[in-house]
Undergrad: 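First the structure, then my questions, so here it is.
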There are 2 protein chains.
Amino acid sequence: MSDVDTPRDFPALRSLIVERAADFPRRLTQVATYALENPDDIAFGTVASIAQAASVQPSTLVRFAQSLGYQGFSELQEVFQSRLRDRVLNYDERIVQLREHTRKSGKAGLVFDGFAGAAEQSLARMRERLDTAQLEEAADMLAGAETIYLIGLRRSFPISSYMAYALGKLGIRYELVDGLGGLGHEQTGFATAKDVAVAISFTPYASETVSLVKRMAERKVPVVAITDSPLSPLASIARVWFEVQEANFEGFRSMAATITLAISLTIATAERRAR
Amino acid sequence: MSDVDTPRDFPALRSLIVERAADFPRRLTQVATYALENPDDIAFGTVASIAQAASVQPSTLVRFAQSLGYQGFSELQEVFQSRLRDRVLNYDERIVQLREHTRKSGKAGLVFDGFAGAAEQSLARMRERLDTAQLEEAADMLAGAETIYLIGLRRSFPISSYMAYALGKLGIRYELVDGLGGLGHEQTGFATAKDVAVAISFTPYASETVSLVKRMAERKVPVVAITDSPLSPLASIARVWFEVQEANFEGFRSMAATITLAISLTIATAERRAR
DNA sequence: ATTCATGTGGAATTAATGTTTCGCTTCGGG
DNA sequence: CCCGAAGCGAAACATTAATTCCACATGAAT
């Protein structure tokens, strides 16, 4: 706690917090976590407002600052402010970083830039094109379903498994059709017209997904589909379907837009149910 | 002075000041000039400190704010603060505007806008902060691994399962640890120092993930981690770790940045192997 | 030259903020 | 099981900050 090593700049403070956090008591760790995750709030807030946001007492914040070697909370807060104050310098830093990016031109950095770009592009395109009325309709269908059957294999499996996770947390009944052990038809066998199937598939459409969804549709199970073309076999089967075109980089398509749509659909459904 | 047009975002306030400054009395003009030239000081300072810096009385600052339609100085100060609250928040402002645009589009449309915004924000932040040197290092490690163990449960499972899909297509040997039937430790049991584990976990860190990774690290298996805080238990275990902070909407975090990082890491690995 | 409206400075007032204190609780060692 | 230390929460306290108020100054109109 000697005042020799109390940092006056943010990066140093940040690493000090990381280093010390392990030895901190419970509440102080809580503050440390909050501080690292919400540095802006620390910079602008008052002791009371920050304390409330971090779910601790004001006195804990003061103790936190003091245990890092500062005289009081305000002194620590100044460091957080400095981070934003010389934003001009931060800008320079960013430019330097960007130069680093391109100078070293590490192959991995290029790959990352490529995929980040593809993700942004896909999101922007989806924003432009998505018909929100369809989203309303799909959310209505899902909200009224007894059980939601999630069908997405291979490349689409991360999407359906994410929806499964979210639906589970929200307390909505679902059935994740994973085709494990070739049991796809058994997993979907109990679906009725009161349920809804969410089918996710992209070129080349996994044949098992298509055949499963077809059978369900024949048994009058309403289908919501996420796919990448009006020519997709799912498009003609589904009552509502979304077209999501992901940009690709070096032949690998982004997933950002699809997963964002999946979350949106899930949460929109949960909100309807809440009423 | 109707409070209808008192701006809540900085650009609007700025042009309002420019516009009105000509008609202001002497001291108020003085404040206006100072405010436009030293916006940071307005954001962080106190009435007294700013008054001194601008060579006016504290009361003049209050009058200035009120003559722009704000109730007091603090209200005006908030606008100056919003400008600095990390581009992230500036992004939020844009999202708010977008929401206004699409207000007509109903609840599901709002949810979608929220998540699309969160996704973009997360991607932008990751682009700024990701250290590509770490990406190189991680890709090197993975490229040299005999088998890549993918560990991500619950919320992180979509990520690990996506990596599994991609690695499979690329012909790279992997083992997806899904904890199915509580067999996590059996699935990781054969890993050696020649392999590499990729661990993905976010707050609240699934205890099984943490214990699996710990055990593997003890057996000298190198670990690459993707997590959301330097205080994450994974951060201290991993040889290389990435911090990905996803923005959230209504309490549900985006996944766009994480999945983009996962693809990048996978493809970068494949490219190293090709040589 | 006088009057009136407006602007201005500085003190007074009131609200709020940061910090300290103190008693209660929790947890680990003897 | 008891004791002591450390952690913690709530309230009290002292300080500082924002705002209001009022007397005086300024300058234009009569």
Side-chain angles (χ1 to χ4, degrees), chain A residues 1 3 6 8 13 17 19-35 38-82 84-85, chain B residues 1 3 6 8 13 17 20-35 38-82 84-85 231:
Chain A
M1 219 153 301
D3 33 0
T6 48
R8 297 288 143 192
L13 172 57
I17 293 176
E19 181 190 330
R20 299 275 308 276
D23 311 326
F24 274 160
R26 194 169 63 96
R27 286 280 119 116
L28 260 43
T29 312
Q30 191 175 332
V31 173
T33 309
Y34 182 86
N38 309 76
D40 291 0
D41 290 347
I42 306 277
F44 288 115
T46 67
V47 169
S49 68
I50 298 165
Q52 194 181 2
S55 310
V56 298
Q57 289 293 320
S59 47
T60 307
L61 291 182
V62 176
R63 274 195 287 269
F64 176 73
Q66 287 172 343
S67 72
L68 286 172
Y70 298 93
Q71 194 150 12
F73 178 78
S74 309
E75 219 175 283
L76 174 130
Q77 191 176 37
E78 277 175 24
V79 179
F80 276 81
Q81 292 182 347
S82 77
L84 296 175
R85 251 224 157 82
Chain B
M1 224 150 305
D3 33 0
T6 48
R8 296 288 144 192
L13 172 56
I17 293 177
R20 299 274 306 276
D23 310 327
F24 274 158
R26 194 169 61 95
R27 288 277 119 121
L28 260 44
T29 312
Q30 191 176 332
V31 172
T33 310
Y34 181 85
N38 307 77
D40 288 7
D41 291 347
I42 306 275
F44 288 115
T46 67
V47 168
S49 69
I50 299 165
Q52 194 181 1
S55 312
V56 295
Q57 289 294 321
S59 48
T60 307
L61 290 182
V62 176
R63 272 195 289 269
F64 176 72
Q66 287 174 342
S67 71
L68 286 172
Y70 297 94
Q71 197 150 8
F73 179 76
S74 308
E75 220 174 279
L76 174 131
Q77 192 177 35
E78 276 175 24
V79 179
F80 277 81
Q81 291 181 348
S82 78
L84 288 180
R85 275 194 122 95
L231 302 180

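Since we're looking at a predicted model, the values are computed, not measured. Residue numbers start from 1 in every chain, and the chains themselves are labelled A, B, ... in the order their sequence lines are given, proteins ahead of strands.
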Undergrad: Between C1' on D/dG9 and CZ on A/Phe64, what's the gap in Å once rounded to a whole number?
TA: 18 Å
Undergrad: For the pair made of CD in B/Gln77 and C1' in D/dA18, what is the distance, rounded to whole Å?
TA: 10 Å
Undergrad: Which of these nucleotides, D/dC8, D/dA18, C/dG18, is closest to any side-chain atom of A/Leu28?
TA: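 Closest nucleotide to the A/Leu28 side chain: D/dC8.
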Undergrad: Can you find a side chain N or O atom of A/Thr46 that sits less than 4.0 Å from OP1 or OP2 on C/dT17?
TA: yes
Undergrad: Looking at A/Gln57, I'd like to know whether one of its side-chain N or O atoms comes within less than 4.0 Å of OP1 or OP2 on D/dC8.
TA: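 No, outside the criterion.
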Undergrad: Whether the B/Arg63 and B/Gln66 side chains hold a donor-acceptor pair (N or O, under 3.5 Å, no angle test) is what I'd like checked.
TA: no
Undergrad: Tell me the interatomic distance from B/Gln52, atom CD, to D/dT16, atom P, rounded to whole angstroms.
TA: 15 Å
Undergrad: Less than 3.5 Å between a donor and an acceptor, one on the side chain of A/Ser59 and one on the base of D/dA10, is that the case here?
TA: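 Yes, the side chain and the base share a sub-3.5 Å donor-acceptor pair.
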Undergrad: Output the rounded distance in Å from CG (B/Leu76) to C1' (D/dA18).
TA: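 Going from CG in B/Leu76 over to C1' in D/dA18 covers 13 Å.
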Undergrad: Which of the following nucleotides, D/dG9, D/dT19, D/dT20, is nearest to the side chain of B/Pro58?
TA: D/dT19
Undergrad: Are any of the side-chain heavy atoms of B/Val31 and B/Phe24 separated by less than 4.5 Å?
TA: no
Undergrad: Are any non-hydrogen side-chain atoms of A/Phe73 and A/Ile42 less than 4.5 angstrom apart?
TA: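 A side-chain contact under 4.5 Å exists here.
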Undergrad: Tell me whether the rings of A/Phe44 and B/Phe44 are parallel (<30°), tilted (30 to 60°) or perpendicular (>60°).
TA: parallel
Undergrad: Counting only side-chain heavy atoms from C-beta out, which of D/dT19, D/dC21, D/dC8 sits nearest to A/Arg63?
TA: D/dC8
Undergrad: Keeping the roles fixed (side chain from A/Thr6, backbone from A/Tyr70), state whether a donor-acceptor pair exists under 3.5 Å.
TA: no
Undergrad: Roughly, in whole Å, what's the span from CG in A/Leu61 to C1' in D/dC8?
TA: 13 Å
Undergrad: How close or far is atom P of D/dG7 from atom CD of A/Gln66, stated in whole angstroms?
TA: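 Atom-to-atom, A/Gln66 to D/dG7, this comes out as 13 Å.
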Undergrad: Expressed in angstrom and rounded to an integer, what is the separation of A/Arg26 atom CZ from D/dG7 atom P?
TA: 12 Å
Undergrad: Would you mind reading off the distance between B/Gln71 atom CD and C/dT14 atom C1', rounded to a whole angstrom?
TA: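 Whole-Å distance recorded here is 15 Å.
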Undergrad: What nucleotide, of D/dT19, D/dC8, C/dG18, holds the atom closest to the side chain of A/Pro25?
TA: D/dC8
